[in-house]
Amino acid sequence: MRIAVCIKQVPDTAEVKINRETGTLVREGVPSIINPYDTHAIEAALSIKEQLGGTVCAVTMGPPQAEASLREAISLGVDEAFLVTGREFAGADTLATACALSGVIKKIGADLIICGKQAIDGDTAQVGPEVAEFLDIPHVSYVKKIIEAGAASIKVERMMDEGSDIVEASLPALITVVRELNTPRLPSLKGKMNAKKAEIKKMGAAELELPVDVVGFNGSPTQVKKIFTPGPRGGRKKLEGSLEEQIDALVNELVEKKCL
Amino acid sequence: MDYFLSEEQLMIKELCAQIAQEKVVPVRAELDEKEEFPWEIMKVMAASDLFGLFIPEEYGGLGKGSFELTIAVEELSKACLGVSTTYAANALGTYPILLFGTDEQKKKYLPDIAAGKRLVAFGLTEANAGSDAGGTQTTARLEGDHYVINGTKQWITNGGEAEIYTVIAITDRSKGPRGASAFIVEKGTPGFSFGKKEKKMGIRASATRELVFEDCRVPKENIIAREGMGFLVAMKTLDSSRVGVGAQGLGVAQGALDEAVKFARQRVQFGHPVIGFQAIQHMIADMATDIEAARALVYAAARYADSGAKDVTKVSSMAKLFATDVAMCVTTNALQVMGGSGYMREYPVEKMMRDAKILQIYEGTNQIQRNVIAQNIIKEAAKAR
Ligand SMILES: Cc1cc2nc3c(=O)[nH]c(=O)nc-3n(C[C@H](O)[C@H](O)[C@H](O)COP(=O)(O)OP(=O)(O)OC[C@H]3O[C@@H](n4cnc5c(N)ncnc54)[C@H](O)[C@@H]3O)c2cc1C
Ligand SMILES: Cc1cc2nc3c(=O)[nH]c(=O)nc-3n(C[C@H](O)[C@H](O)[C@H](O)COP(=O)(O)OP(=O)(O)OC[C@H]3O[C@@H](n4cnc5c(N)ncnc54)[C@H](O)[C@@H]3O)c2cc1C
């Protein structure tokens with residue numbers, strides 16, 4: 001089994017600050033980490049490999065510094081790492097990102113592709129499913145449990161708003177995973193030592209045989225009009241007790257607020 | 001201070017700090033409260049290759065030395081001495097095999113130990129043999145292809161949890177100190193059982209139990225070195241592991257100081273954070289200075305041992321003595337800086353203070369360390385004449 005994990009390097013903070021004038025992320029002084037959801041994707045790939053054998057490769061698109069995330073992935077036990085980098089990829093939206101990532105996966109080949117549910121900075125949760133579309137393979141998102149991984153198919157449980165679905169997909173397929181799936185392991189010393197020496201294979205649009213107008217800014221139909229932090233939600237209150245008590249409490253509240 | 005760690009040494013430090021922060025700090029109070037053995041953490045450490053740190057590469061380890069072990073133990077001890085004692089006692093139990101074992105013994109045991117699959121314990125102490133190992137009463141009698149062991153070891157760290165035990169027993173009482181021998185005994189050997197688990201003041205995550213031998217037959221080839229070498233094996237083992245106890249002292253002292261500084265910056269009395277008071281500042285300055293001095297000594301002793309030097313006894317005793325006295329003093333004063341809060345279990349420092357006390361007692365009390373240091377000085381002076 002060959003598994004590809006897509007990992008994104010993101011700033012280490014849930015509260016990304018935004019420059020109001022330019023509408024872009026303020027990345028200065030914020031250390032970078034592997035997108036937390038993607039660490040669960042790596043763990044899933046490594047444990048499937050432990051069961052079935054094979055190789056795990058990590059793929060990222062990003063600036064040269066993103067190499068650090070790939071080395072971290074290797075320290076956890078990932079076998080190979082690919083960095084898609086170059087000026088031609090700058091300013092990519094989700095479509096252009098997915099186009100580039102699917103380009104690498106076509107080159108390196110994979111039976112199973114695992115992505116995080118979403119990136120904590122972009123938060124769109126679009127890249128995984130888009131990669132699957134580019135590759136024309138099935139995908140299952142929000143996977144919270146891998147029930148069975150085999151050579152030809154994978155059976156998973158995906159999280160839904162109410163309850164969950166059990167889905168089986170034939171391989172090759174792509175899944176996106178949520179935190180509930182597993183507990184990511186820590187690196188090992190041998191892994192860390194390997195990571196220092198490991199070769200990170202770099203690829204540009206030319207190596208991926210992608211025309212430059214489908215990646216980066218040129219390949220991005222999204223135009224960001226405005227970026228803002230939404231205002232806080234108003235206060236909420238949960239009513240307790242029997243239905244009658246709750247109705248009474250609600251009526252009283254509405255009268256007090258002069259709504260009735 | 002920069003101790004010019006190599007890239008690999010920094011990796012070890014970083015990894016142990018990560019384990020301490022992510023896996024130990026969140027559970028240390030609960031492990032202490034419930035007196036629970038830290039199996040989960042040991043599994044993480046095994047997966048991270050930490051049990052193989054000081055074991056040669058040919059037996060599946062990483063082939064590092066005393067210094068690397070010191071760094072690992074220091075980092076873990078910043079978070080919890082119960083956890084670091086479990087880890088360090090594993091090394092203590094392994095040294096007899098590492099230093100004196102035959103190639104077969106090494107091949108049989110070291111790979112599993114390096115992988116963290118089987119934990120090790122060292123059994124020397126008995127009811128009548130504490131500081132004075134000469135009081136050892138456990139015996140081993142050769143009968144055909146087996147040694148038959150009888151007696152009881154007490155206060156053995158990792159007792160019951162470990163699967164491999166290195167044990168000292170008397171093979172020939174008429175020979176006095178030259179009549180002791182060291183053996184490898186595996187858990188599950190008929191006639192080998194465990195007594196009660198001790199209830200302790202500190203390091204409550206660490207397990208301390210009796211080892212009970214009743215006509216316990218171990219194969220002849222389980223003897224370490226030769227008959228009569230038992231006390232030498234024990235002394236060389238302690239020479240190797242003692243610096244690790246110093247590293248524990250460093251770690252817990254640093255951990256306590258960090259907590260005290262954090263607290264003192266936030267706690268406001270008389271309109272100021274208490275860290276603004278000179279009395280508090282001076283305590284903090286003294287603590288930090290003592291810790292740095294202890295670190296310099298412990299690191300120097302570990303590097304000296306790694307240089308292949310033979311006369312490590314004096315300096316390793318100094319490192320153990322100084323760093324663990326610093327640990328007791330610093331944890332006590334760190335608690336003082338935090339006032340009543342320091343005394344509460346809500347904060348980690350009261351536990352650090354309870355834990356630190358053991359460091360002045362085990363692997364040779366600090367009185368015994370002073371005896372050893374003085375004896376070495378007397379020997380050196382006699383030689384110089
Ligand atoms: C403040 C801000 C400004 C932005 N500005 C622009 C802009 O000017 N123009 C524009 O077109 N777009 C812009 N974007 C969108 C940005 O390009 C997307 O973040 C990016 O395309 C990836 O989408 P995502 O972060 O939502 O990832 P998601 O779709 O949420 O990520 C899901 C999963 O896909 C994988 N993945 C995502 N990205 C990568 C990657 N690079 N390498 C490897 N795997 C990956 C990971 O497995 C991840 O867990 C902006 C986003 C933000 C937050
Ligand atoms: C939690 C814990 C874990 C332990 N783990 C292990 C283990 O894994 N393996 C193992 O073999 N042992 C272990 N021990 C035993 C430990 O090493 C002994 O407790 C220690 O060596 C001291 O022996 P003692 O307690 O019998 O004290 P004693 O020898 O009875 O000493 C009592 C007091 O007299 C002092 N004293 C004794 N002799 C002299 C002297 N000649 N000069 C000056 N002062 C002296 C001592 O310093 C001490 O203050 C452990 C002990 C504890 C408490």
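Predicted model, so just to flag it, every value in this text is computed and none were measured.
A 6.0 Å sphere centred on NZ of B:Lys34 holds no more than 12 heavy atoms belonging to other residues, nucleotides or ligands. For A:Lys155, the NZ atom sits in a loose shell: 12 or fewer heavy atoms of surrounding residues, nucleotides or ligands are nearer than 6.0 Å. Atom NZ of A:Lys145 is surrounded by 12 or fewer heavy atoms from other residues, nucleotides or ligands within 6.0 Å. Heavy-atom neighbours of A:Asp161 CG from other residues, nucleotides or ligands within 6.0 Å: at or below the threshold of 12. Crowding of A:Arg87 atom CZ: a count of heavy atoms from other residues, nucleotides or ligands under 6.0 Å not exceeding 12.
The side-chain heavy atoms of A:Leu189 and B:Lys64, taken from C-beta on, include no pair separated by under 4.5 Å. When side chains are defined from C-beta on, B:Met11 does not count as touching A:Ser75, because their heavy atoms never get closer than 4.5 Å.
Between A:Ser188 and B:Leu15 the shortest heavy-atom distance is C-CD2, 4.1 Å. A pairwise comparison of heavy atoms in A:Lys190 and B:Asp49 identifies N-OD2, 2.8 Å as the closest pair.
Once rounded to the nearest 0.5 Å, the distance linking NZ of B:Lys23 with CG of A:Leu186 reads 5.0 Å. Distance CZ/A:Arg185 to NZ/B:Lys43: 14.5 Å, rounded to 0.5 Å.
Both the backbone and the side chain of B:Ile19 come within contact range of chain A, with heavy atoms under 4.5 Å apart. For B:Ile12, the parts sitting under 4.5 Å from any heavy atom of chain A are the backbone and the side chain alike.
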